[in-house]
Each structure stands twice: as structure tokens, then as C-alpha cells.
Amino acid sequence: MAAPLTPLVLPAWTSPAPTTVPDPAPTTLVPTRVEIPERTVWVDLDLINNLLAKARHAATLACAPFSHFHVGAALIMADDPDHTVITGANVENSSLSLTQCAERTALYFAAAQGFRKLRYLAVSCAATTPATPIRDRSPCGSCRQVIREFSTPETLIFLDTGGPHPGADVFDVDRLLPHGFLFKGPPAN
Ligand code: THU
């Protein structure tokens, strides 16, 4: 029997209109309000809790001798008929710039297996407690761009809130990376 689905409400997100007068020439710039409506998504909570647990475990395997900040990721690809859970952790390098984040470790592994469509991604930072602000446990800008390129409107990203009970902040890709770049290729001429 199929698992029961639970509704999760993604909050409306509004970027406020600028409060300062733009410079130069306010007459040439019309600030536009951007609004994304509230949206209800339906998920199998057991599956999501399992992904979060696997992301937490993956964080324990991080190779982070420089930052000591351990991050784990666990994902399922929509185009993987077996729904295999793929995990990854951050891997640091003494050059520092070659460091790879947990999200990209997992996503690049999935892509290298031939999968292209991300369904669910859970991210967990080992240091996270329920008091940790979201900015201290959410994907970096580079990872957001990579996540975007493998995402569809159905993709959901779960950021572990830490603590003994499973919990996560939930995003779709437009909330994770508003106005993200997508290269469509050069125009035909
Ligand atoms: N890190 C991730 O694994 N994912 C992110 O999205 C943010 C940062 C890692 C990279 C580095 O090893 C450590 O966290 C500190 O920045």
C-alpha cells in the first residue's frame, strides 16, 4: 500500500520594493514587486525522515580537517527507477579552493550515474541545533546553482533543523535560488 502523504505548506515569499530612492533618475527605474504564492506540497514523511537521517549520518563521514564543519547530503533522483538514496559529504582540500560541498558531492555522483532530475535533497550540518539560524545551515550559492540545474518545479530541498526530533525547513528551487541562471544555449541564427 502506498505511504500516506502529508501536506507541507511552502510559505509565500515576497521581495520588498526598495525603500530608498534609486540613483540615478527615479523616473527611469520602476521598482517591481516579486511575489511567489504560498504552495502546498504533499510528501511521504517517512521517506523524508529517512533522507534526513541519512544526511545526518553522511555528515559524520565528512572530510573537514580545516573547517571542522561537517555537512551531509542525501538525495533521491526522480529519474532513478530504483529511487536509490545517494549520499555525500563535504571534502576539504589543503588548497581550500578545491574543497567540495556535501550537496555537490552527492549531486555530481548522481549525475555521473546518468540521472538528471532531482526529486528530494536533504542537507544536514552536524553542528546544527534547533537554535541554529537557517543561514548557518543552508546551501552556499554555488550549490544552489548546481541544485537548480538538476531541479524541476517538483524538486524539494529539506534543511535539517537539528535536535533530537526530525525537522526541516522546506524549499522548492525558486525559493532556494530566486532568479537563478539557466543557460538555454546560444540563439539560433
Ligand atoms: N559546506 C558544504 O558542504 N555545503 C554548503 O553548502 C556550505 C559549506 C562545507 C564546505 C566546507 O568544507 C565547510 O562546509 C565550511 O565552509
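Whatever order the structure lists ligands and atoms in, that order sets their numbers, starting from 1. Note that the structure is a prediction, hence the values are computed from the model and not measured.
By the 3.5 Å distance cut-off applied to N or O atoms, Pro139 is not counted among the residues near ligand 1. Checking only distances, Glu92 does come within under 3.5 Å of ligand 1, N or O to N or O.
Of all non-hydrogen atoms in Ala55 and Ala74, the two that sit nearest each other are N-CB, 3.7 Å. Of all the heavy atoms in Ile157 and Leu176, the pair that sits closest is CD1-CD2, 4.0 Å. Across every non-hydrogen atom of Arg104 and Cys140, the tightest pair is NH2-SG, 4.1 Å. In terms of heavy atoms, Gly88 sits closest to Ala106 at N-CB, 3.8 Å. When every heavy atom of Trp42 is checked against every heavy atom of Tyr120, the shortest pair comes out as O-OH, 4.4 Å.
Closest to atom 1 (N) of ligand 1, if we only count protein heavy atoms, is Cys101 SG, 3.6 Å. The protein non-hydrogen atom at the shortest distance from atom 4 (N) of ligand 1 is Glu103 OE1, 2.9 Å. Counting only heavy atoms of the protein, atom 3 (O) of ligand 1 lies nearest to Ala102 N, 2.9 Å. Protein heavy atom at the shortest distance from atom 14 (O) of ligand 1 is Phe69 CD2, 3.4 Å. Remark: minimum distance from atom 9 (C) of ligand 1 to any protein heavy atom is reached at Asn90 ND2, 3.5 Å.
If you number the atoms of ligand 1 from 1 as listed, the ones under 4.0 Å from a heavy atom of Cys140 come out as 5 (C), 6 (O).
Evaluated by nearest non-hydrogen atom to atom 13 (C) of ligand 1, the leading choice among Ala127, Ala89, Pro65, Ser67 is Ser67.
Heavy-atom separations between Ala64 and ligand 1 are all 4.0 Å or longer.
A salt bridge is absent between Asp80 and Lys117: the closest approach of a Lys/Arg side-chain nitrogen to an acidic carboxylate oxygen does not fall below 4.0 angstrom. A salt bridge is defined here as a Lys NZ or Arg NE, NH1 or NH2 lying under 4.0 Å from an Asp or Glu carboxylate O, and Asp172 with Arg39 meets this definition.
For atom 16 (O) of ligand 1, the nearest protein heavy atom lies 4.0 Å away or farther.
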For Val71 and Val123, what are the C-alpha separation, side-chain angles and deciding distance, and is it a side-chain contact (heavy atoms from CB on, under 4.5 Å)?
-> CA-CA 7 Å; Val71 187; Val123 182; 3.9 Å; yes
